[in-house]
Amino acid sequence: MSLTRLALRLAAPLPRLEAFERYLFVGPHPDDIEIGAGATVSRLAAAGKHIVFLICTDGRFGTDFAQVSGEALAQLRRQEALRSAAMLGVSDVRFLSLSDGGFYEPQALLRGIAQAVGSVQPEVLFAPDPCVRSECHADHLNVGQAVRLAACFAANPGVMAAYGAPSANVKALAFYMTARPNRFIATRGHLKRQLQAIFSCHLSQFPPHGDAARSVALYLKLRSIDLGLRSLKGRAEGFRVLGPTHMHCLPEADR
């Protein structure tokens, strides 16, 4: 380990995600939070934490069923999201209702996220990792990028005012669906609730006994074992976490 990296580790230790009280989970689509961090949501909710979901797009293109599409599918997926969140213990679910598929202006997405941050006043922001090399979905990349920008300027009253929002003291940014986790949350006892929330609620995406449901369920089970072994936590979800000091001008924080 270089002296610079050692200094960074000592001067700016990574935040402990479970040490906070207020959390905003941002999802590109109505099922992404559950897939990327559903067991963690269940654990935090069970501990009495204040949790809000912000779902950015309406998911109108997210199905293989031609008989349900467009506005009808968007409304269906909203109801699925509400039921799924409730199953995980979350009652405050907010929607930007931007069009699925990247058919929106990046500034509209960023403004909506900044206003949610100002309203919720989260200590921790969760979002998909926009730096994953294999990620190709525009909505995942756009939302992850917008959240990282919002996290960086959240404490700046002038910038937030320009987005029509008060400033917020965001103390940690946690990327889910990441290939480089540096913080882990034990999820033993909560994986079952995560799977129930996904596969009993998001039926437009995962029809019972379909190939997608089997594949995603197997992946989530194996991922929880792998991350649990890596972190010595039994079963776990992993996140790439940054604190406020790591978000600006500290390239070593990416290692």
Side-chain angles (χ1 to χ4, degrees), residues 25-46 51 53-90 93 95 99-102 126-129 132 134-141 143-144 175-179 181 184-229 234-239:
F25 285 79
V26 185
H29 306 106
D31 57 352
D32 286 324
I33 296 170
E34 293 91 321
I35 293 172
T40 293
V41 171
S42 177
R43 180 184 176 100
L44 294 173
I51 301 171
F53 281 7
L54 177 66
I55 300 172
C56 296
T57 74
D58 58 17
R60 65 179 53 238
F61 299 123
T63 187
D64 293 329
F65 298 102
Q67 67 268 30
V68 182
S69 60
E71 187 60 30
L73 179 58
Q75 291 302 316
L76 173 60
R77 296 199 69 183
R78 176 185 284 253
Q79 295 305 311
E80 290 176 340
L82 291 171
R83 289 194 296 271
S84 176
M87 185 170 288
L88 293 173
V90 177
V93 183
F95 300 88
S99 176
D100 190 10
F126 281 82
D129 191 342
V132 174
S134 61
E135 182 57 71
C136 300
H137 200 301
D139 295 327
H140 285 229
L141 295 169
V143 169
F175 291 117
Y176 59 83
M177 295 180 183
T178 184
F184 302 85
I185 291 183
T187 57
R188 184 174 296 278
H190 295 278
L191 174 64
K192 182 178 180 180
R193 183 61 57 87
Q194 176 188 28
L195 297 177
Q196 288 176 334
I198 295 170
F199 301 116
S200 69
C201 297
H202 292 285
L203 296 177
S204 69
Q205 307 306 294
F206 303 103
H209 312 299
D211 290 340
R214 286 192 293 268
S215 296
V216 173
L218 178 60
Y219 166 72
L220 291 176
K221 292 175 183 177
L222 293 177
R223 183 181 71 176
S224 72
I225 295 172
D226 175 53
L227 295 175
L229 290 172
R235 297 265 189 167
E237 286 184 323
F239 306 94

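Values reported hereafter were calculated over all heavy atoms of this structure, with side chains retained and with hydrogens, waters and symmetry mates removed.
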Distance col, row Leu88:CG vs Ile51:CD1, nearest 0.5 angstrom, shows 8.5 Å
Salt-bridge present (Arg214, Asp211; N to O < 4.0 Å): yes
Is there a donor-acceptor pair closer than 3.5 Å between any side-chain N or O of Ser84 and the backbone N or O of Cys201? no
Are side-chain N/O atoms of Glu80 and Ser204 paired as donor and acceptor at under 3.5 Å? yes
Using distance alone, with no hydrogens and no angle criterion, decide if Glu71 and Gln75 have a side-chain donor and acceptor under 3.5 Å apart. yes
Please assess Val26 against Tyr176 for the test side chain to side chain contact (heavy atoms under 4.5 Å, CB included), listing each intermediate value before the final yes or no. CA-CA 10 Å; Val26 185; Tyr176 59 83; 5.7 Å; no
Would you say Asp31's side chain and His202's backbone share a donor-acceptor pair under 3.5 angstrom? no
According to the interplanar angle, ranging from 0 to 90°, do the rings of His29 and His137 count as parallel (below 30°), tilted (30 to 60°) or perpendicular (above 60°)? perpendicular
So, for Met177 and Asp32, which heavy atoms are closest and what is the spacing to 0.1 Å? CE-O, 3.5 Å
Euclidean distance, Ser42 OG relative to Ile185 CD1, rounded to 0.5 Å: 11.5 Å
Testing Leu227, Asp129, Thr40 one by one against Phe239 for a side chain to side chain contact (heavy atoms under 4.5 Å, CB included), which residue passes? Thr40
Main-chain N/O of Asp58 paired to Arg77 side chain as donor or acceptor, under 3.5 Å: no
Please determine whether side chain to side chain contact (heavy atoms under 4.5 Å, CB included) holds for the pair Val41 and Phe25, giving the CA-CA distance in whole Å, both sets of side-chain angles, and the decisive distance to 0.1 Å. CA-CA 9 Å; Val41 171; Phe25 285 79; 3.6 Å; yes
Does the pair Arg43/Glu237 count as a salt bridge with the N-to-O cut at 4.0 Å? no
So does Ala186 get a backbone contact from the side chain of Arg235, meaning a donor-acceptor N/O pair under 3.5 Å? no
Hey, is the main chain of Phe175 close enough, under 3.5 Å, to the side chain of Thr178 for a donor-acceptor pair? no
